[in-house]
Amino acid sequence: MAGISNKIDRDSFSGKFAVIAATAGSAVGLGNIWRFPYVAGENGGGAFLFVYLIIILAIGIPVMMSEFVIGRAAQKNPYGAFKTLAPKKPWFLIGLMGVVAAFMILAFYTAVSGWTLEYIYQSASGNLIGKNHEQLTNMFDTFLTGSVRPVLWFMIFMSFTGLIVMSGIRDGIEKYTRFLMPMLFVILAVLCIRSVTLPGASKGIYFLFHPDFSKINSKVILEALGQAFFSMSIGMGTLITYGSYFPKNDNMASSAGFIALTDTLVAIIAGLAIFPAVFAFGGSPGSGEGLVFITLPGIFQQMPGGVIFSLLFFVLLAVAALTSTISVLEVIVAYFTEELGMTRKRATGTATILVSVLGVVTVLSWSSLGFLKLFNKNIFELLEFSTANVMLPIGGFFIVIFIGWFFGKKRTTAELSNEGELKVRYMPLYMFIVRFVAPVAIAMVFLYGLGFFNPSEKQAAKTDPTEVVDSVQENSLQAVLPEIQDDSLK
Ligand code: PFF
């Protein structure tokens with residue numbers, strides 16, 4: 001009977017806008033802004049985008065809907081959700097893995113989020129002005145390998161995350177994502193307009209969109225699938241947790257569609273805000289940290305009003321990251337409150353402290369703890385690798401198997417149709433996807449991520465799985481660049 005009182009007391013989002021803002025907030029994050037544009041540009045531009053959109057529609061949205069179904073049907077955190085929907089069966093292990101993954105993701109993701117605060121500070125205090133590429137590289141290295149500042153920024157970012165989550169779903173997460181998400185869009189629009197109107201911007205637009213279908217092979221398709229998973233926050237129970245706060249009358253299929261659309265649009269617009277500017281000023285479009293914390297600060301300086309744009313860019317990154325970190329912390333807090341009986345305040349405090357311990361160790365893996373390595377990866381890289389390439393695919397795989405083969409069509413239809421209120425003509429297609437298409441596709445990404453299944457001949461000889469992933473993620477742009485520069489784009 002605890003279930004009934006739970007349903008009455010349970011905090012929830014107030015309506016459609018809140019559902020979209022919070023969940024799109026989770027999906028839109030660092031993955032959209034620094035990873036997507038680069039991966040798209042490198043893997044066939046417009047052609048990659050085409051493949052990516054098909055994957056989002058055919059696999060991403062159905063998997064997202066499956067998480068929503070589990071969460072809203074059970075009204076629980078991921079662990080409790082599987083316990084409720086499949087009592088006395090081992091499915092709860094998937095939920096438990098999600099809670100563990102949440103700790104791990106928060107540790108490294110919040111570390112990077114902390115770097116964005118350092119760069120907000122450096123932009124605002126004018127310290128980036130007048131520095132050349134080498135000086136900016138040194139500056140980033142010195143910051144990263146220092147012990148005090150990265151730890152401090154990590155703690156500050158984690159405290160913001162904790163404070164929002166502590167206030168609850170409606171008074172915390174909903175209240176903040178309601179204004180942070182529109183703010184993110186406004187900043188992104190300003191940066192995008194600035195970038196595409198620069199003289200010479202067309203090279204960047206070409207890099208991002210030029211459809212080169214000859215680049216599309218199985219490696220690129222699998223890469224698109226992996227990117228879609230991380231970007232949509234699928235596979236670790238974040239969306240089960242948020243789904244548990246959706247109003248009972250929410251049309252979850254339309255919410256999933258809208259969130260996927262927002263996530264994809266932000267990724268594309270981020271590309272339009274970054275690459276035209278990079279090419280206009282003759283920079284080279286590297287990936288990840290190098291692009292965001294070294295190349296871009298260099299480019300902002302060459303622009304009129306660069307200080308403002310630099311500041312806006314790092315605020316954009318921080319906002320995108322914050323709406324994602326709160327969704328991950330909420331997974332742990334929901335677990336602590338519902339399974340360990342803690343109050344929200346105590347649960348958030350405990351979770352924040354525990355994550356901070358792991359987070360500080362992670363931050364220090366770039367300096368004093370750098371000697372701790374496994375498979376040639378430091379703690380930061382190990383956490384990133386084991387969550388994104390191992391735990392998310394395993395979680396996603398079992399989530400669709402659960403819906404397709406265990407929870408079944410009848411109960412899933414009841415949940416997606418809001419007990420018969422909504423038409424769900426897509427059900428046969430949806431069930432086909434969650435039973436067959438999605439599990440097979442996810443299994444392939446998983447094996448590929450670990451290096452067991454590698455369609456690219458070039459990498460077939462590699463045996464060290466971590467090396468394979470590195471080379472997949474950091475495939476040198478040199479191969480693409482001469483091609484772009486040779487092409488006359490006038
Ligand atoms: N979707 C986020 C991004 O693209 O940056 C990352 C993320 C958030 C992954 C939440 C997983 C998660 F549960």
Side-chain angles (χ1 to χ4, degrees), residues 21-40 52 56 60 63-64 66-68 70-71 77-78 94-95 97-113 115-116 157 161 164-165 173 177 180-181 184 188 224-244 256 259-271 287-289 292 316-335 351 355 383-396 399 473:
T23 318
S26 172
V28 171
L30 300 171
N32 300 57
I33 299 174
W34 84 33
R35 184 143 157 74
F36 175 86
Y38 162 76
V39 175
Y52 185 79
I56 295 280
V63 179
M64 184 177 257
S66 305
E67 289 207 33
F68 290 166
I70 295 171
N77 66 87
I94 299 302
M97 186 178 73
V99 178
V100 174
F103 273 104
M104 298 165 68
I105 289 186
L106 269 178
F108 78 84
Y109 199 88
T110 313
V112 182
S113 311
W115 304 350
T116 68
F157 204 95
T161 306
I164 294 176
V165 170
I173 294 175
T177 49
L180 287 174
M181 286 310 282
L184 181 144
L188 197 58
L225 195 57
Q227 172 67 22
F229 258 60
F230 188 75
S231 188
M232 291 177 85
S233 308
I234 292 170
M236 54 150 291
T238 300
L239 302 183
I240 294 180
T241 311
Y242 269 15
S244 75
I259 291 155
L261 182 74
T262 310
D263 189 54
T264 310
L265 272 181
V266 170
I268 294 172
I269 302 172
S287 68
E289 305 92 63
V292 169
L316 168 78
L317 269 181
V319 167
L322 183 62
T323 54
S324 296
T325 52
I326 55 180
S327 73
V328 187
L329 184 63
E330 179 57 30
V331 174
I332 307 173
V333 170
Y335 173 78
V355 168
L383 289 175
E384 186 185 9
F385 175 80
S386 49
T387 50
N389 295 50
V390 181
M391 295 165 99
L392 295 195
I394 293 182
I399 284 163
Q473 288 177 347

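If you read the sequence from its start, that first residue is 1, and numbering goes on from there. Each ligand, and each atom within it, is numbered from 1 in the order the structure gives.
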Item to check | Closest non-hydrogen atom pair, S113 against A321 | outcome: OG-CB, 3.4 Å

Checklist entry - Does Y109, backbone or side chain, put an N or O under 3.5 Å from an N or O of ligand 1? => result yes

Next on the checklist: Using a plain distance cutoff, I'd like to know if S231 has any nitrogen or oxygen under 3.5 Å from a nitrogen or oxygen of ligand 1.
Outcome noted: yes

Checklist outcome for this item: Counting from 1 in the order shown, the ligand 1 atoms closer than 4.0 Å to a non-hydrogen atom of L30 are 5 (O)

Checklist entry - Checking S324 side chain against V28 main chain: does a donor-acceptor pair fall under 3.5 Å? => result yes

Checklist entry - Looking at ligand 1, does any of its N/O atoms fall within less than 3.5 Å of an N/O of M232? => result no

Next on the checklist: Quick check against the 3.5 Å criterion: does T241 have a side-chain atom that pairs as donor or acceptor with the backbone of V331?
Outcome noted: no

Item to check | For A27, the ligand 1 atoms whose distance to one of its heavy atoms is below 4.0 Å | outcome: 1 (N), 2 (C), 3 (C), 4 (O)

Checklist outcome for this item: If we number the atoms of ligand 1 from 1 as shown, the ones under 4.0 Å from a heavy atom of M236 are 12 (C), 13 (F)

Checklist entry - Is there a nitrogen or oxygen of F230 sitting under 3.5 Å from a nitrogen or oxygen of ligand 1? => result yes

Checklist entry - Any idea which heavy atoms bring A351 and L329 closest together, and the distance? => result CB-CD1, 3.8 Å

Item to check | A22 backbone acceptor or donor facing S26 side chain under 3.5 Å | outcome: no

Item to check | S324, any N or O under 3.5 Å of ligand 1 N or O | outcome: no

Checklist entry - Among protein heavy atoms, which lies nearest atom 13 (F) of ligand 1, and at what distance? => result T238 OG1, 2.6 Å

Checklist entry - Nearest protein heavy atom to atom 11 (C) of ligand 1, by residue and atom, and its distance? => result S233 CA, 3.7 Å

Item to check | F230 versus L392, closest heavy-atom pair with distance | outcome: CD1-CD1, 3.9 Å

Checklist outcome for this item: Value for CZ (F68) from CD1 (I259), rounded to nearest 0.5 Å, stands at 4.0 Å

